[in-house]
Number of protein chains: 2
Amino acid sequence: MASEIMLRGVGRRTGIALWRQIADAIRAGISSGLGDETGKLPSETELAEQFGVNRHTVRSAISALVNEGILRAEQGRGTFVISPSRLTYPITRRTRFSASLAEQGQRGVSRLISHDIIEAHRDVATSLDLEEGVPVLQINSVGTSDDTPVSRTTAWFDHARFPDLLSHLKTTNSVTKAFAASGLDDYVRQSTLIEAYHATLDDIEIMGLSPGSIVLVTHAVNADLDGRPVEYSKTRFSADRVNLQIELGSNAAED
Amino acid sequence: MASEIMLRGVGRRTGIALWRQIADAIRAGISSGLGDETGKLPSETELAEQFGVNRHTVRSAISALVNEGILRAEQGRGTFVISPSRLTYPITRRTRFSASLAEQGQRGVSRLISHDIIEAHRDVATSLDLEEGVPVLQINSVGTSDDTPVSRTTAWFDHARFPDLLSHLKTTNSVTKAFAASGLDDYVRQSTLIEAYHATLDDIEIMGLSPGSIVLVTHAVNADLDGRPVEYSKTRFSADRVNLQIELGSNAAED
DNA sequence: AGGCATTTGTCCGTATGTATG
DNA sequence: CCATACATACGGACAAATGCC
């Protein structure tokens, strides 16, 4: 079926090598159902025709994707898609990190990789409704689904209000449970801002992305039921591996 | 002030030319407050040092951004930022296209550029809860803020239910008013899916983007107050020009 | 006015990466 | 594998415009 979704979209003298443009197009096409039922891509010659380039150029693109672990090339048989599907990450008033990932990917986990007590600077202070310079707990974690890193998060918490949060985080490995152990039973998503940019070197290293790939960034504030912010987080999702699903709430008549 | 936000992040042999990586970094840095109060960038020599490249390479990057209309270079004086700010587009249960744009950019308009009656195929049919193959109205429009295109939308409507929608759209130039003229007084956002990918040639032409830049895509379903879908739309935002702001609704306890 | 530092603009040549056939 | 053409990146030198002393 669908194998001419991408067709054209490559240009020259753009500062982006043709082989990378084609690699990006194939990677994007895979999530929208490129490749037949067996996951077999069109032949190099066919792809070269579709994109209007030389077969060598297509080979460079495929070679890069094989290197990323997205494709597998078998001599005499063809080129095959390895991980065909894209994760859908829900954003709701009650978004819970680890739970959401686990629902779709079989083994979704969030792993704490570093932490620190720092002074809140502008963005963090305003988001958490604190004075600049007060101590906040900053944690970095990586979200994984089926052994593939799909996101990385930096989150900040008011250290004065939750002095023992870090130790709870380490034992429970869950923000929700750590909050509960700190006496906060429930919290809701207060605001979410979404932007997108090209992966930085850090993104590339930590999430195993390829240069030039896209990162979806959410800036989120969670608040307790009184509306006081308790967590500010910045999560970078690999746009090749996840979509964001916004749930604005019940769609019954609102009044 | 802030002029070393970007610092590093360029790599070689990646298939993406250094000048384009640097152009992307500068473009991204501008929205996070690069350049001093007067909008003056560091000199070409300084930038070259910061990025660890030759001055000529920085010049290529700047030249591309001047061409995009983002920077202005003046011999003997320096290089200056022209349009410093990024638009924030809100997504709520009651998102209204033209109104939202108009609030921030002074002159936000949505312009209809083409339309057609076509047969619904899979995505459209399932999103609108119709049978595949039934006639639907498809419209293409471009959203503009301050004479700069910031988004382009393709939207589909059930032709059987709203046979006169197109003529209403042409006269009112507003989906909300056209719905009202067709007897639908109110509607709410039912679902929103967000993804991101590299700009296609169409995106580049229609929105005046540069190759390799990023497009944020929202797939949205609007429904009447009985929950029946009335509009399915796919909007592509220039990620360099807009952020998406998610409003999940009141954050009082929900039960 | 002149002199000088700073900054962008233009030219040269050369090495390497990219793309074709 | 090979040869060829063009884009990219570097290094250096100098011109042109600006602003300040």
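None of the values given here were measured: they were computed from a predicted structure. The sequence lines fix the lettering, A, B, ..., with proteins before strands; numbering per chain opens at 1.
B:Arg55 meets the salt bridge (charged side-chain N to carboxylate O under 4.0 Å, His left out) test with B:Glu44; sequence neighbours excluded. With sequence neighbours left out, B:His56 forms a side-chain hydrogen bond (donor to acceptor under 3.5 Å, both in side chains) with no residue at all. Every side-chain contact (heavy atoms from CB on, under 4.5 Å) that B:Val142 has, sequence neighbours left out, goes to B:Ile113, B:Thr144, B:Pro149, B:Arg152, B:Ile206. Residues forming a side-chain contact (heavy atoms from CB on, under 4.5 Å) with B:Glu49 (at least two apart in sequence, or on another chain): none. Checked against side-chain contact (heavy atoms from CB on, under 4.5 Å), B:Ile118 has the following partners two or more places apart in sequence or in another chain: B:Asp116, B:Val136, B:Gln138, B:Trp156. Shown here are the side-chain contact (heavy atoms from CB on, under 4.5 Å) partners of A:Ala220, two or more places apart in sequence or in another chain: A:Arg189, A:Ser233.
Note: CG (B:Leu41) to P (C:dT8) measures 9 Å, nearest angstrom. The distance between atom CD of B:Glu46 and atom P of C:dT7, rounded to the nearest whole Å, is 6 Å.
When all heavy atoms are compared, the tightest approach of A:Ala196 to A:Leu216 is CB-CD2, 4.3 Å.
Contact check, B:Asn54 against D:dA9: no side-chain N or O comes under 4.0 Å of OP1 or OP2. Distances shown here put a side-chain N or O of B:Thr79 below 4.0 Å from the OP1 or OP2 atom of C:dT8.
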Identify the pairs formed between an N or O of the protein and an N or O of nucleotides 3-8 of chain D at a distance under 3.5 Å, and give each distance.
unit_1 : atom_1 : unit_2  : atom_2 : d
D:dA7  : OP1    : A:Arg13 : NH1    : 2.8
D:dT8  : OP1    : A:Gly15 : N      : 3.3

Table please: side-chain donor-acceptor pairs of residues 64-73 of chain A below 3.5 Å, with sequence neighbours left out.
unit_1  : atom_1 : unit_2   : atom_2 : d
A:Glu68 : OE1    : A:Arg27  : NE     : 3.1
A:Glu68 : OE2    : A:Arg27  : NH2    : 3.2
A:Glu68 : OE2    : A:Ser210 : OG     : 3.1
A:Arg72 : NH1    : A:Glu74  : OE2    : 2.3

### Task
Would you give a per-nucleotide map of nucleotides 13-21 of chain D, 5' to 3', where B means the base has a protein non-hydrogen atom under 4.0 Å away, S means only the sugar-phosphate does, and - means neither?
B--BBBS--
